[in-house]
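To find a chain, count down the sequence lines: A is the first, B the second, and so on, and within it residues start at 1.
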Protein chains: 4
Amino acid sequence: MLLRLDPLSPTPVFEQLARQVKTLVAKGLLRPGDKLPSVRDLARDTAVNPNTILRTLELLERDHVIIRRQGSGCFVAPRTTDLSTPARKSQLTTLAAHLVTEAFHLGFDATDIRSAVNSTLDEIDFPKRKRSTS
Amino acid sequence: MLLRLDPLSPTPVFEQLARQVKTLVAKGLLRPGDKLPSVRDLARDTAVNPNTILRTLELLERDHVIIRRQGSGCFVAPRTTDLSTPARKSQLTTLAAHLVTEAFHLGFDATDIRSAVNSTLDEIDFPKRKRSTS
Amino acid sequence: MLLRLDPLSPTPVFEQLARQVKTLVAKGLLRPGDKLPSVRDLARDTAVNPNTILRTLELLERDHVIIRRQGSGCFVAPRTTDLSTPARKSQLTTLAAHLVTEAFHLGFDATDIRSAVNSTLDEIDFPKRKRSTS
Amino acid sequence: MLLRLDPLSPTPVFEQLARQVKTLVAKGLLRPGDKLPSVRDLARDTAVNPNTILRTLELLERDHVIIRRQGSGCFVAPRTTDLSTPARKSQLTTLAAHLVTEAFHLGFDATDIRSAVNSTLDEIDFPKRKRSTS
DNA sequence: GTGGTCTAGACCACA
DNA sequence: GTGGTCTAGACCACG
């Protein structure tokens with residue numbers, strides 16, 4: 001599993017790593033049940049302290065992306081289904097608002113934004129919506 | 001100008017404020033050339049430390065949302081149009097990717113995401129472009 | 001004897017197994033004197049490492065739920081009756097406090113908690129005491 | 001704020017501390033909006049490393065007990081109201097089952113358990129259920 | 001082998 | 001002043 005770090009980014013290391021794992025899962029490159037490399041392996045491969053890797057894994061577990069089991073390892077969690085609480089709806093709204101206002105101030109218009117979103121969506125592996133795998 | 005702080009949000013105060021200004025501009029409630037209240041007034045109205053207000057203004061200036069002129073105050077900047085740089089394209093891609101992967105892990109699908117983005121776009125006041133986006 | 005593992009639970013395997021045995025005894029589905037399957041059988045049926053089964057049995061023996069006899073196997077222990085020690089009283093208090101504070105922070109009230117406890121109690125097979133509990 | 005540690009307990013330090021804070025909140029000794037001592041103060045008072053205190057605070061924030069705001073401090077969160085998801089119901093059931101089966105194997109009966117729960121409940125400060133204040 | 005806890009201490013970011 | 005990130009390294013617990 002290849003994870004890359006941008007040492008210049010203001011985003012904390014543990015969060016950069018977590019995002020990349022989330023992306024891999026969203027793209028279907030990591031699937032529910034798949035085992036992640038061990039903390040030590042990840043630490044070595046990314047040249048990051050094991051404690052920082054641990055924080056990444058904690059974040060991912062908190063967000064229901066992985067499951068950690070002492071002695072066995074970390075595994076991609078099954079996609080949760082009971083998530084449609086109003087709190088999550090409001091999170092989605094906030095995320096969308098953030099994208100739109102930032103893109104607005106970068107000089108993009110509605111068409112640009114929609115097409116950027118659609119391009120990203122094309123790469124995502126939504127359940128019951130597979131496009132190429134039969 | 002009414003700015004509200006959410007004490008429960010993990011987002012830093014200076015960023016909460018900046019986002020609200022950006023939103024006001026994007027919605028057309030603040031228009032290019034409009035003058036912002038003074039640092040002192042903003043600090044009083046929001047019950048926030050003037051230093052924090054300053055950071056907000058620095059952020060807004062860095063993002064070309066406002067222009068700060070010594071002695072005269074802060075003004076909403078004219079809309080950016082030079083979106084040709086690949087750097088901005090890549091920023092848009094990053095923003096879209098972030099929205100999509102987070103929404104994915106919140107349990108939403110492509111339709112949910114598109115409709116959330118469209119709802120937000122409906123409230124934005126995009127300037128009309130002369131050339132059609134064919 | 002059917003023991004199931006929840007791969008999503010953060011509870012260690014050996015403890016999941018021990019809890020299930022304790023529950024079977026409390027519900028009267030396993031009765032004092034009953035013989036448990038051998039370590040080998042348990043390991044096979046649950047697809048768990050024999051070492052982990054051993055840890056489960058150690059835990060159960062420590063908690064006086066079973067008795068392990070060299071060469072003959074494990075047996076459900078007779079029901080403990082000497083609850084006079086203050087140590088046990090204090091353990092009960094701790095357990096109750098844990099339930100209540102966690103439930104509080106999950107948003108439940110006293111009525112919810114009492115009714116959850118009562119539902120569970122209904123399934124337990126308490127031995128009849130000779131003296132009435134006045 | 002007085003927090004005590006049991007160095008012999010198998011429960012991790014950061015969790016011992018978190019439980020005590022949860023108990024203080026449940027008993028109404030800490031109320032929504034109250035400010036917690038600073039990380040450094042807590043670390044000094046408990047003779048625990050600041051990093052460990054931080055983990056306690058992370059746990060408490062994850063469980064919606066406190067809110068952490070960089071630069072300002074940590075505050076007791078307002079009691080959440082939108083918590084009645086089925087997932088939480090099942091957590092309550094698990095907690096109750098744990099109490100009951102453990103208490104059973106300690107030699108207690110239904111009456112003992114109910115009375116232990118009731119004693120604990122008497123000390124809890126449930127909203128809209130205040131007993132002595134006014 | 002796996003993950004988890006804790007310490008010590010440097011340094012950064014927010015208000 | 002507040003909290004937060006990261007490193008280094010010792011040691012513990014689970015399978």
Rounded off to whole Å, could you give me the [atom1]-to-[atom2] distance for the [X] and [N] pair?
| X | N | atom1 | atom2 | answer |
| --- | --- | --- | --- | --- |
| D:Leu54 | E:dA8 | CG | P | 16 Å |
| B:Leu17 | E:dA15 | CG | C1' | 12 Å |
| D:Leu42 | E:dT7 | CG | P | 14 Å |
| A:Arg69 | F:dA13 | CZ | P | 18 Å |
| D:Glu58 | F:dT5 | CD | P | 7 Å |
| D:Ile53 | F:dT2 | CD1 | P | 13 Å |
| D:Arg68 | F:dT5 | CZ | P | 7 Å |
| D:Leu57 | F:dT5 | CG | P | 12 Å |

Distance, nearest 0.5 Å, that separates NZ of B:Lys22 from CZ of A:Phe104
11.5 Å
Pick the closest DNA chain E nucleotide for D:Ala47 and for A:Gly73 by heavy atoms, then say which residue is nearer the 5' end.
A:Gly73
Given DNA chain E, 5'-ward residue of the pair D:Thr52 and B:Glu15, judged by closest heavy atom:
D:Thr52
If you check the [X] side chain, which of [options] turns out closest?
| X | options | value |
| --- | --- | --- |
| B:Phe14 | F:dG3, E:dC14, F:dC14 | E:dC14 |
| A:Gln70 | F:dA13, E:dA15, E:dT2 | F:dA13 |
| C:Pro12 | F:dT5, F:dG15, E:dT5 | F:dG15 |

Students often get this wrong, so: under 4.0 angstrom with heavy atoms, is D:Ser38 touching a base, only sugar-phosphate, or nothing?
sugar-phosphate
Need one value for D:Val13: base, sugar-phosphate or nothing, where a base atom within 4.0 Å counts as base even if backbone is also close, heavy atoms only.
sugar-phosphate
Cationic N near anionic O, under 4.0 Å, [X] to [Y]:
| X | Y | answer |
| --- | --- | --- |
| D:Asp34 | D:Arg31 | no |
| B:Arg69 | B:Glu61 | no |
| B:Glu15 | B:Arg19 | yes |

If you count heavy atoms of other groups shown closer than 6.0 angstrom to NZ of D:Lys27, is the number above 12?
no
Pairing nucleotide - E:dC14, Watson-Crick or G-U, each distance under 3.5 Å:
F:dG1
Would you tell me if any nitrogen or oxygen in the side chain of C:Arg55 comes within less than 4.0 Å of OP1 or OP2 on F:dC14?
yes
Do the side chain of D:Arg40 and the base of F:dG3 come within less than 3.5 angstrom through a donor-acceptor pair of N or O atoms?
yes
What I want to check is whether an N or O donor and acceptor connect the side chain of D:Asn51 with the base of F:dC6 at under 3.5 Å.
yes
